Q: 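This is the structure I have questions about; it appears just below.
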Amino acid sequence: TSYRTISSGDLYINSSLEPYTSVFMYNRMTGAGVNTGSNTIITQLTAGDTVEIKVYRLNGSDTIKSLKDGTGLRLLEIPS
């Protein structure tokens, strides 16, 4: 069965959407495996910032969820 669901993942810093961090996934077939999205950004963080990754369904009827141990965030310091 084809549900043709579109989902998205976004990066939020201190509860605000970080510009240009949206990743879109086209979920064509139910039961056809997981979909992945990735993005590379350069941004400035300060001590105490809260970083969140939020995923949600844009349209369609599939259930969208982030798998336990299937979501990652890698932070690197770029020396000045």
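In this chain, numbering begins with 1 at the start of the sequence shown. Remember, predicted model here, so these are calculated numbers, not experimental data.
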Q: Rounded at 0.5 Å granularity, tell me how far OG in S7 sits from CZ in R57.
A: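 It comes to 9.5 Å.
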Q: Is the number of heavy atoms from other residues, nucleotides or ligands within 6.0 Å of OH (Y56) greater than 12?
A: yes
Q: Mind checking who shares a hydrophobic cluster with L17, ILVMFWY linked at side-chain heavy-atom distances under 4.5 Å?
A: Y12
Q: Taking all atoms of both residues into account, what is the closest heavy-atom pair of L58 and S8, and its distance?
A: CD1-CB, 3.9 Å
Q: Any chance the side chains of D10 and T21 put a donor and an acceptor closer than 3.5 Å?
A: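 No, no side-chain donor-acceptor contact under 3.5 Å.
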Q: Going from CD1 on I41 to CD on E18, what distance comes out if it is rounded to the nearest 0.5 angstrom?
A: 5.0 Å
Q: Keeping N14 on the side-chain end and T50 on the backbone end, is there a donor-acceptor pair under 3.5 Å?
A: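 Side chain of N14 to backbone of T50: a pair is present.
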Q: Measure from the side-chain N and O atoms of N39 to the backbone N and O of V23, and report whether any donor-acceptor pair falls under 3.5 Å.
A: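 No; judged by distance alone, with no hydrogens or angles, the pair does not exist.
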Q: Quick one, L11 with E52, criterion side-chain contact (heavy atoms from CB on, under 4.5 Å). Give me CA distance, side-chain angles, the key distance, then yes/no.
A: CA-CA 6 Å; L11 182 72; E52 298 174 277; over 6 Å; no
Q: Is there a path of hydrophobic side-chain contacts, each under 4.5 Å between heavy atoms of I, L, V, M, F, W or Y residues, that connects L73 with V55?
A: no
Q: Counting only heavy atoms from other residues, nucleotides and ligands, does the tally under 6.0 Å from CG of L76 exceed 12?
A: yes
Q: Work out which heavy atom in D49 is nearest to a heavy atom in Q44; give both atom names and the distance.
A: OD2-O, 4.4 Å
